[in-house]
Amino acid sequence: MATPELRHMLRDDDLNHDEQKQVLELAIKFRANRFYKQPFAGPQAVAVLFDKPSTRTRSSFSIGVAELGGYPLVIDKSGSQLGRGEPVADTARVLDRMAYGVVWRTFGQDRVEEMAKYSTHPVVNALTDDFHPCQILADFQTIAEHRGGVDNLHNQTIAYLGDAANNMANSYLLGGAVAGMDVRVAGPQGFLPRPDIVEDAKRIAAETGGSITVTTDAKAAADGADCVFTDTWVSMGEEAEYAIRSKPFWDYQVNDELMALAKPDAIFQHCLPAYRGKEVTSSVIDGPQSVVWDEAENRLHAQKALLTWLTGKARGDDSLLA
Ligand code: CP
């Protein structure tokens, strides 16, 4: 078989509509059978790098790579030369000689792009300041499992409320557009997504049959939604400014009143960690409409599916998707 085209996952639109569906179908298979495929049997190593803290991403990639038959080489910023300023290009070329892929949580999007530029193996964005595409795959897997499968995703209206200028908002815009969803993103003035990301999402939505709405009206965004999302109002590194940062966001809190505007069977998701009483009330996140623990578990399955797909071992070989 020909060598598969090298693919990376740096932002949500690195997968097209059909490819996103393939990954999500594969993720559902991995949830049913944790050892469904082992593309890193050997074990082949995958470098999993963290420049920021993590619980879910660290555990899901560490366990996930191992369950795929591989060896997760987990390196923290404090324990690597990257943390002391070694160029990304040099790090990339060294890791590329040893590992079969790189997963990286870091700051600027340019850093994962630079890593990919010098890699001959897949590079995966495990969260940057701009995007969190692995989270979106897990979230959409969760919707599919609760709402009639992957083929029904394009019928879903999703609403994200809160800091609409953060990486989660950006990823819902792009990922939702790829899925063909009706995507609504609501946040206060000054905390809305970058115009270029909104334009990209609208262009993709025009091709997939989805739609993109960016608004400051939280109630309009939630009205009739199938799934409501939020995220912390204070991103990593901003915790000291919580009181000041949170002020503009109170109208966007996901509480019972807000959830009552969504469809009666709407589900609630939060990428976690959550701040109860801030962006979401405990009545919602710990209530009957919340699927946050399925969502967190699906990080494992969705990322295993993504890594498998990126290796090329689920592309051009239908037996891997059977
Ligand atoms: N949602 C998420 O990425 O969680 P962690 O920061 O714990 O990895």
Side-chain angles (χ1 to χ4, degrees), residues 9-12 23-24 27 31 46-67 72-79 101-109 111-112 123-143 145 158 160-176 185 227-239 242 245 254 267-276 278-280 284-286 290-307:
M9 186 63 169
L10 306 182
R11 45 185 271 165
D12 305 79
V23 170
L24 294 173
R31 183 164 180 156
V46 176
V48 186
L49 313 179
F50 289 94
D51 292 348
K52 295 182 178 184
S54 166
T55 296
R56 278 142 291 269
T57 308
R58 177 186 295 266
S59 47
S60 55
F61 271 113
S62 304
I63 295 166
V65 169
E67 289 186 355
L73 174 69
V74 181
I75 305 177
D76 277 319
K77 182 180 178 182
S78 59
V102 174
V103 173
W104 194 11
R105 168 167 289 195
T106 189
F107 295 89
Q109 183 71 12
R111 288 166 67 76
V112 289
V123 174
V124 174
N125 174 354
L127 181 148
T128 60
D129 294 342
D130 287 354
F131 301 105
H132 197 358
C134 293
Q135 183 69 54
I136 266 49
L137 290 174
D139 292 10
F140 289 3
Q141 179 186 351
T142 308
I143 296 177
E145 288 169 343
I158 64 170
Y160 169 85
L161 312 179
D163 181 354
N166 73 9
N167 46 16
M168 287 303 301
N170 293 340
S171 277
Y172 287 124
L173 285 168
L174 291 187
V185 166
C227 184
V228 177
F229 300 93
T230 189
D231 187 17
T232 176
W233 294 336
V234 179
S235 294
M236 282 178 246
E238 298 171 340
E239 291 82 356
Y242 205 104
R245 283 271 311 175
V254 180
I267 55 176
F268 169 77
Q269 295 195 59
H270 188 308
C271 64
L272 306 174
Y275 294 81
R276 289 170 174 77
K278 301 291 196 303
E279 74 272 9
V280 61
V284 171
I285 194 169
D286 300 315
S290 173
V291 293
V292 296
W293 309 123
D294 284 341
E295 178 188 13
E297 179 187 330
N298 281 340
R299 293 293 303 279
L300 175 68
H301 311 305
Q303 290 160 191
K304 285 168 67 181
L306 175 65
L307 287 171

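Please read these numbers as outputs of a predicted model, since none were measured by experiment. Indexing begins at 1, ligand by ligand and atom by atom, following the structure's order.
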For Asn167, check side-chain hydrogen bond (donor to acceptor under 3.5 Å, both in side chains) against everything at least two apart and list the hits. none
Tell me whether Asp294 is salt-bridged to Arg31, with the criterion being a basic N under 4.0 Å from an acidic carboxylate O. yes
If you apply the rule side-chain contact (heavy atoms from CB on, under 4.5 Å), what do you find for Thr57 with His132, and how did you get there? CA-CA 10 Å; Thr57 308; His132 197 358; 4.2 Å; yes
Using heavy atoms and a strict 4.0 Å limit, residues surrounding ligand 1 turn out to be Ser54, Thr55, Arg56, Thr57, Arg105, His132, Gln135, Cys271, Leu272, Arg299
How would you list all residue pairs meeting salt bridge (Lys or Arg N to Asp or Glu O under 4.0 Å) that involve residues 164-174, not counting sequence neighbours? none
Tell me, please, which residues at least two apart from Asp163 pass salt bridge (charged side-chain N to carboxylate O under 4.0 Å, His left out). Arg245
Looking just at side-chain N and O atoms, do Asp51 and Trp104 make a donor-acceptor pair shorter than 3.5 Å? yes
